[in-house]
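Structure record follows, encoded as structure tokens.
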Amino acid sequence: MSTLASGLRVAHPHSIEEAIAARAQNPGSRFLGGGTDLIVNMRRQIDTPNALIDLSRVDEMAEIVAKGDILRIGAGVTIASLAGDASIAPYKAVVQAAEGIAGPGHRNMATVGGNLCQDTRCIYYNQSEWWRSANSFCLKHRGDTCHVAPQGQRCHAAYSGDLAPALLVFNPEIDIAAPKGCRRMPLADLFVEDGRAHLSLTEGELVVAVRLPAAPPPSAYAKVRVRGAIDFPLAGVAVALTSSGGKVGSLRIALTGTNSRPFLLADTDRFAGRAVDDKLLQEIDRLVQKQVQPMRTTTASSNYRRVAAAALARRLVAQLAGQGAA
Ligand SMILES: Cc1cc2nc3c(=O)[nH]c(=O)nc-3n(C[C@H](O)[C@H](O)[C@H](O)COP(=O)(O)OP(=O)(O)OC[C@H]3O[C@@H](n4cnc5c(N)ncnc54)[C@H](O)[C@@H]3O)c2cc1C
Ligand code: SF4
């Protein structure tokens with residue numbers, strides 16, 4: 001354990017076991033991936049860990065390995081490595097999502113695990129300490145009222161990671177390490193619809209890897225954002241589509257930026273066997289608009305994010321069908 005000039009202690013484990021032990025021995029500590037989310041929040045005093053468990057020397061978490069019918073992506077793999085790895089190329093939505101995350105400098109540092117586990121976001125929360133204190137803080141941190149929905153007792157901060165939806169359309173699992181042992185679960189189960197507690201991880205649990213099935217279907221990812229570069233999604237959509245003879249085989253659509261969790265659109269099975277025509281695209285539009293729940297957590301209006309998410313979904317399905325997804 002080293003100590004920074006600020007007094008903050010940093011552990012540098014070399015294995016998953018050491019990382020889990022260091023976290024358990026230091027209650028109030030946090031795992032540190034690339035720090036591109038956590039350090040920003042620490043500077044704003046949103047997050048105040050008493051020690052950091054730096055994962056950058058855990059080599060076993062920094063590998064992408066194809067074994068049998070699984071591609072295993074270590075949670076310590078950087079976003080830049082992920083985007084450029086030849087074995088990821090068939091998972092096009094993942095490549096497109098990774099290439100659109102933050103800027104090149106961030107992507108060189110940021111990790112898969114950190115991207116999945118990043119904090120939820122809100123214009124009343126991602127602000128300096130003095131800004132938030134002038135606004136009496138908010139329900140998510142140190143306050144007692146949600147400025148977005150003052151009558152309620154729920155935080156609606158939006159999950160805004162790009163990678164999660166792009167992975168979700170491939171139905172992956174994740175490996176989790178904990179003091180009590182390891183477990184595996186669907187990636188979808190990592191996320192909870194609660195802006196204050198949006199991860200199902202328990203204290204001290206570490207995401208170790210993502211397991212993607214081999215032979216992925218054709219896929220794509222797109223997002224709308226305020227700026228054309230270096231910006232979180234106001235709405236992000238991933239689609240995986242198989243089709244033959246112009247008819248849908250399987251269709252999966254996942255969304256980010258609109259809810260407190262990234263999620264797979266429910267009820268897309270009903271499109272199997274249907275032609276990809278205007279009627280079907282309109283139904284997809286309606287389905288997206290029904291299931292997303294954008295709130296006033298960004299500078300863009302909730303309705304814009306709802307309509308934009310639906311438009312992206314429609315466009316990506318049409319694009320993949322036009323490419324002759326097979
Ligand atoms: C200017 C700017 C623009 C950005 N734009 C985008 C964007 O467009 N899209 C986007 O998705 N993100 C964006 N981000 C957020 C951030 O850069 C990414 O989410 C990044 O991938 C986070 O990864 P990290 O390794 O740096 O996470 P860290 O900051 O290290 O960690 C984030 C959180 O995850 C936890 N954590 C890290 N690794 C693990 C693990 N293996 N298991 C369990 N918990 C873990 C940490 O304890 C922390 O709570 C942006 C950030 C900035 C500053
Ligand atoms: S949604 Fe409400 S409680 Fe959550 S961060 Fe925003 S203002 Fe705070």
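Residue numbers run from 1 in the order of the sequence given. Just so you know, ligand 1 is whichever comes first in the structure, and atom 1 is the first atom listed for that ligand. From a predicted model like this one, the values you see are computed outputs, not experimental measurements.
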Note to self: Any nitrogen or oxygen of F31 lying under 3.5 Å from a nitrogen or oxygen in ligand 1? Just yes or no.
What the structure shows: yes
Check: What residue and heavy atom of the protein are closest to atom 9 (N) of ligand 1, and at what distance?
Finding: D162 OD2, 2.7 Å
Checklist line | Sequence neighbours excluded, every pair satisfying salt bridge (Lys or Arg N to Asp or Glu O under 4.0 Å) that has a member inside residues 17-28 | finding: R23-E203
Item checked: CG/D189: more than 12 non-hydrogen atoms of other groups inside 6.0 Å -> yes
Next item on the list: Could you tell me which residues satisfy ring pair (Phe, Tyr, Trp, His ring centres under 6.0 Å) with F170, sequence neighbours excluded, listed by chain and number?
Entry: Y91
Check: If you measure only the distance, is there a donor-acceptor pair under 3.5 Å linking the side chains of S301 and N303?
Finding: no
Check: Is the NZ or CZ atom of R261 both under 6.0 Å from the centre of the six-membered ring of F191 and within 45° of that ring's axis?
Finding: no
Check: Between T36 and ligand 1, does any nitrogen or oxygen pair lie at a separation below 3.5 Å?
Finding: yes
Check: Strictly under 4.0 Å, does any heavy atom of R225 approach an atom of ligand 1?
Finding: no
Next item on the list: Classify the side-chain pair D162/Y221 by whether it contains a donor and acceptor separated by less than 3.5 Å.
Entry: yes
Notebook entry, point to check: Which residue and non-hydrogen atom of the protein lie closest to atom 18 (C) of ligand 1, and at what distance in Å?
Noted result: N115 ND2, 3.6 Å
Item checked: Polar atom proximity, E205 to ligand 1 (N or O, under 3.5 Å) -> no
Note to self: Looking at every non-hydrogen atom in both residues, tell me the closest pair between Y159 and N115 and how far apart they are.
What the structure shows: OH-O, 3.2 Å
Next item on the list: Please report the shortest heavy-atom distance between K223 and G100, naming the atom on each side.
Entry: NZ-O, 2.6 Å
Next item on the list: Could you say whether the N/O atoms of V207 and ligand 1 ever approach to under 3.5 Å?
Entry: yes
Checklist line | Distance from atom 19 (O) of ligand 1 to nearest protein heavy atom, with residue and atom | finding: Q118 NE2, 2.8 Å
Item checked: Joint hydrophobic cluster, L316 plus I253, side-chain heavy atoms closer than 4.5 Å -> yes
Margin query: So, at under 2.8 Å, which protein N, O or S atoms would a careful student list around atom 4 (Fe) of ligand 2?
Written below: C155 SG
Note to self: Can you confirm, on distance only, whether ligand 1 has an N/O atom lying under 3.5 Å from any N/O atom belonging to M109?
What the structure shows: no
Note to self: Give me the residue, atom name and distance of the protein heavy atom closest to atom 4 (C) of ligand 1.
What the structure shows: A102 CB, 3.3 Å
Checklist line | For atom 33 (C) of ligand 1, the protein heavy atom that lies nearest, with its residue and separation | finding: C117 O, 3.7 Å
Next item on the list: Answer yes or no for R121 and F232: cation-pi contact, defined as NZ/CZ to six-membered ring centre under 6.0 Å and angle to ring axis within 45°.
Entry: yes
Check: Do L234 and V226 have side-chain heavy atoms sitting under 4.5 Å apart?
Finding: yes
Item checked: Donor on one side chain, acceptor on other, D285 and Q289, under 3.5 Å -> yes
Notebook entry, point to check: Taking N or O atoms only and a 3.5 Å limit, does L38 qualify as a polar contact for ligand 1?
Noted result: yes
Item checked: Numbering as shown, the atoms of ligand 1 that approach G161 to under 4.0 Å (heavy-atom distance) -> 11 (O)
Check: Where the side chain of S29 meets the backbone of N26, is there a donor-acceptor pair that is under 3.5 Å apart?
Finding: yes
Next item on the list: Kindly confirm or rule out an N or O of G33 lying under 3.5 angstrom from an N or O of ligand 1.
Entry: yes
Item checked: Nitrogen or oxygen atoms of D231 and ligand 1 under 3.5 Å apart -> yes
Next item on the list: Show which atoms of ligand 1 fall inside a sub-4.0 Å distance from at least one heavy-atom site of L206.
Entry: 40 (C), 41 (N), 42 (N)
Check: What protein heavy atom is closest to atom 2 (C) of ligand 1, reported as residue, atom name and distance in Å?
Finding: H106 NE2, 3.9 Å
Next item on the list: Identify the protein heavy atom lying closest to atom 37 (C) of ligand 1, giving its residue, its atom name and the separation to 0.1 Å.
Entry: G114 CA, 3.5 Å
Check: Is it true that R183 and E205 have a side-chain N and a carboxylate O under 4.0 angstrom from each other?
Finding: yes
Checklist line | Heavy atoms from other residues, nucleotides or ligands near CE of M42 exceed 12 (cutoff 6.0 Å) | finding: yes
Contacts table for residues 270-277: side-chain donor-acceptor under 3.5 angstrom, sequence neighbours left out:
residue, atom, partner, partner atom, Å
R270, NE, D267, OD2, 3.1
R274, NH1, E283, OE1, 3.3
R274, NH2, E283, OE2, 2.9
D277, OD1, K279, N, 3.4
D277, OD1, L280, N, 3.0

Note to self: Within the 4.0 Å heavy-atom shell around A110, which atoms of ligand 1 are there?
What the structure shows: 20 (C), 21 (O), 23 (O), 24 (P), 25 (O), 26 (O)
Note to self: Give me the nearest non-hydrogen protein atom to atom 12 (N) of ligand 1 as residue plus atom name, then the distance to 0.1 Å.
What the structure shows: F232 CE2, 3.5 Å
Next item on the list: Provide the number and element of each atom of ligand 1 under 4.0 Å from a heavy atom of R30.
Entry: 49 (O)
Margin query: Which of the numbered atoms in ligand 1 are under 4.0 angstrom from any heavy atom belonging to G100?
Written below: 8 (O)
Margin query: Is S160 close enough to touch ligand 1? Criterion: a residue heavy atom under 4.0 Å from a ligand atom.
Written below: yes
Notebook entry, point to check: Is G76 in contact with ligand 1, taking contact as a heavy-atom separation below 4.0 Å?
Noted result: no
Next item on the list: Please say whether G34 places an N or O atom under 3.5 Å from an N or O atom belonging to ligand 1.
Entry: yes
Note to self: Does ligand 1 come near enough to G35 that some N or O of the ligand is less than 3.5 Å from an N or O of the residue?
What the structure shows: yes
Notebook entry, point to check: Where on R23 is there a heavy atom closer than 4.0 Å to ligand 1, on the side chain, on the backbone, on both, or on neither?
Noted result: neither
Check: Can you find a side-chain donor-acceptor pair between R154 and S260 that sits under 3.5 Å?
Finding: yes
Note to self: Given 3.5 Å as the limit, does a donor-acceptor pair link the side chain of H198 with the main chain of G195, or not?
What the structure shows: no
Next item on the list: With T120 as reference, evaluate K140, R196, H156 under the side chain to side chain donor-acceptor pair (under 3.5 Å) test and give the passing residue.
Entry: K140
